[in-house]
Amino acid sequence: MYQQLVKTEKLEAVEQMGAAISHEIRNPLTAAIGFVQLLKEPTLPLNKRTEYLNIVGEELQSAERVIQDYLTFSKPALEYLEELNVRKELTQVINILRPTANQYSVQITANFALVGTIRGDRQKFQQCFLNVIKNAIESMPNGGQLSIKTEYSEDDITIQVSDTGVGMTKEQLQKLGEPYYSTKGAKGTGLGMMVVFGIVKAMNGTIQVDSTVGSGTTFYFSFPKMMKNEVL
Ligand code: ADP
Ligand code: MG
């Protein structure tokens with residue numbers, strides 16, 4: 001089993017995240033627009049027409065995937081700090097991903113401790129766990145178990161996301177969170193985990209990952225608990 005404590009400090013590059021992402025959306029859209037121009041040619045043979053339409057479809061899907069990894073919930077430039085009920089926010093994310101889990105024959109178990117809140121931007125928090133849980137589901141193409149647990153200590157709230165999926169090698173774990181690192185070919189953006197690391201860093205949290213190839217992965221997130229007399 002490999003273990004990796006992720007150093008969120010080294011992620012200064014995440015500050016340029018917004019610029020990188022809009023570039024990643026603009027590129028496929030520019031390509032799609034180009035092929036739509038070509039499709040306007042009335043003498044274009046049918047086989048070319050089909051080919052170009054397929055390219056337009058793929059480019060639009062590619063832009064959509066980037067938007068999903070980054071902008072499902074909000075415009076990420078804006079930061080609204082709120083008192084977040086972890087259980088409530090995670091339940092909402094799980095409900096959004098239930099159809100995807102069903103599609104992958106993945107069973108979800110949630111075990112949430114009752115007390116405690118953290119401080120953060122609701123939409124970013126949800127985006128973070130959407131990306132993590134989506135990856136967990138996608139790691140189980142032949143079905144499996146997804147378990148989401150929260151635990152509270154005196155100072156911290158720990159969120160544990162476990163899957164029985166393909167797992168990662170030590171080398172793959174080290175690359176996790178690097179921009180554009182993906183093992184999913186055209187179906188991946190390699191931006192989801194970069195977004196996760198950036199959000200966790202901004203929330204003063206930590207990430208730890210345990211993974212075993214062929215048997216699964218567990219992510220441990222820890223966030224400082226909001227204190228009773230703390231003001232936002
Ligand atoms: P994408 O999902 O678009 O590939 P991400 O940044 O979300 O990009 O994830 C990067 C890579 O990290 C994935 O391609 C996958 O190889 C690996 N990964 C992330 N989460 C898991 C997981 N739960 N199990 C196995 N591999 C994972
Ligand atoms: Mg992903």
Side-chain angles (χ1 to χ4, degrees), residues 1-8 10-11 13-14 16-18 20-21 23-25 27-28 58-73 76 90 93-94 96-97 99-101 103-110 124-149 159-201 206-221:
M1 185 168 74
Y2 299 110
Q3 220 181 41
Q4 173 104 353
L5 183 67
V6 177
K7 290 184 217 69
T8 41
K10 74 177 177 191
L11 294 167
V14 167
Q16 282 144 32
M17 195 155 77
I21 303 258
H23 184 76
E24 285 314 298
I25 295 169
N27 276 349
E58 280 160 22
E59 296 294 337
L60 291 179
Q61 270 184 3
S62 166
E64 215 286 316
R65 272 193 284 270
V66 175
I67 290 168
Q68 193 180 35
D69 278 357
Y70 194 59
L71 287 174
T72 302
F73 295 99
L90 289 176
V93 173
I94 292 168
I96 289 168
L97 287 170
T100 314
Q103 207 184 309
Y104 280 77
S105 308
V106 165
Q107 273 202 325
I108 305 177
T109 320
K124 285 185 181 172
F125 181 81
Q126 291 188 353
Q127 181 74 61
C128 172
F129 284 92
L130 180 96
N131 292 2
V132 170
I133 297 171
K134 194 162 138 274
N135 280 340
I137 294 170
E138 288 168 352
S139 81
M140 301 182 276
N142 304 313
Q145 303 289 329
L146 171 70
S147 149
I148 300 153
K149 277 187 217 164
I159 301 165
Q160 188 182 324
V161 179
S162 287
D163 64 62
T164 55
V166 294
M168 284 173 272
T169 64
K170 192 181 177 188
E171 290 70 29
Q172 289 173 325
L173 266 181
Q174 270 160 2
K175 290 212 176 89
L176 202 63
E178 274 179 22
Y180 314 118
Y181 168 67
S182 175
T183 55
K184 296 173 191 167
K187 288 211 158 95
T189 63
L191 295 171
M193 285 307 298
M194 179 191 82
V195 167
V196 168
F197 286 12
I199 293 170
V200 173
K201 182 194 175 186
T206 61
I207 308 175
Q208 200 179 318
V209 194
D210 288 352
S211 195
T212 309
V213 172
S215 80
T217 303
T218 302
F219 281 85
Y220 300 90
F221 296 85

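Each ligand, and each atom within it, is numbered from 1 in the order the structure gives. We number each residue from 1, following the sequence as shown. Keep in mind the model is a prediction, meaning the values are calculated, not measured.
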Nearest-option assignment for atom 21 (C) of ligand 1, heavy atoms, candidates Lys134, Met168, Met194: Met168
Within 6.0 Å of NZ in Lys184, more than 12 heavy atoms from elsewhere: yes
Nearest neighbour in protein (non-hydrogen) for atom 2 (O) of ligand 1: Lys184 NZ, 2.7 Å
Protein contact to atom 4 (O) of ligand 1 [nearest heavy atom, distance to 0.1 Å]: Ser182 OG, 2.5 Å
Shortest protein heavy-atom distance from atom 24 (N) of ligand 1, along with the residue and atom involved: Ser139 CB, 3.4 Å
N or O contact, Gly192 vs ligand 1, cut-off under 3.5 Å: yes
Heavy-atom pair with the smallest gap, counting every atom of Cys128 and Val196: O-CG2, 3.5 Å
Enclosure of Glu178 CD (heavy-atom neighbours >12, cutoff 6.0 Å): yes
Identity and separation of the nearest protein heavy atom to atom 14 (O) of ligand 1: Thr183 N, 2.9 Å
Presence of N, O or S from Ser182 under 2.8 Å of the Mg ion (ligand 2): no
Close-contact set for ligand 1 against Thr217 heavy atoms, below 4.0 Å: 24 (N)
Close N or O approach (Gly188, ligand 1; < 3.5 Å): no
Shortest protein heavy-atom distance from atom 10 (C) of ligand 1, along with the residue and atom involved: Tyr181 O, 3.2 Å
Atom 3 (O) of ligand 1 [closest protein heavy-atom partner, distance rounded to 0.1 Å]: Thr189 N, 2.6 Å
Aromatic plane relationship, Phe125 with Phe129 - under 30° parallel, 30 to 60° tilted, over 60° perpendicular: tilted
Best match, Val195, Leu191, Asn135, Val66: closest heavy atom to atom 9 (O) of ligand 1: Asn135
Taking every non-hydrogen atom, the tightest pair across Gly167 and Thr217: CA-OG1, 3.5 Å
Min heavy-atom dist Asn131 to ligand 1 below 4.0 Å: no
Rounded distance (nearest 0.5 Å) linking atom CG of Leu130 with atom CG of Asn135: 9.5 Å
Identity and separation of the nearest protein heavy atom to atom 23 (N) of ligand 1: Asp163 OD2, 2.8 Å
Heavy atom of the protein closest to atom 5 (P) of ligand 1 (residue, atom name, distance): Met193 N, 3.7 Å
Contact with ligand 1 for Gln172, non-hydrogen, under 4.0 angstrom: no
For Ala136, atoms of ligand 1 separated by under 4.0 Å from a heavy atom: 23 (N)
Contact summary for Lys149 and Ser147, nearest pair of heavy atoms: CE-OG, 3.9 Å
Step-by-step side chain to side chain contact (heavy atoms under 4.5 Å, CB included) determination, Gln172 to Leu176: CA-CA 6 Å; Gln172 289 173 325; Leu176 202 63; over 6 Å; no
Option nearest atom 17 (C) of ligand 1 (shortest heavy-atom distance, choices Leu176, Leu173, Thr169): Leu176
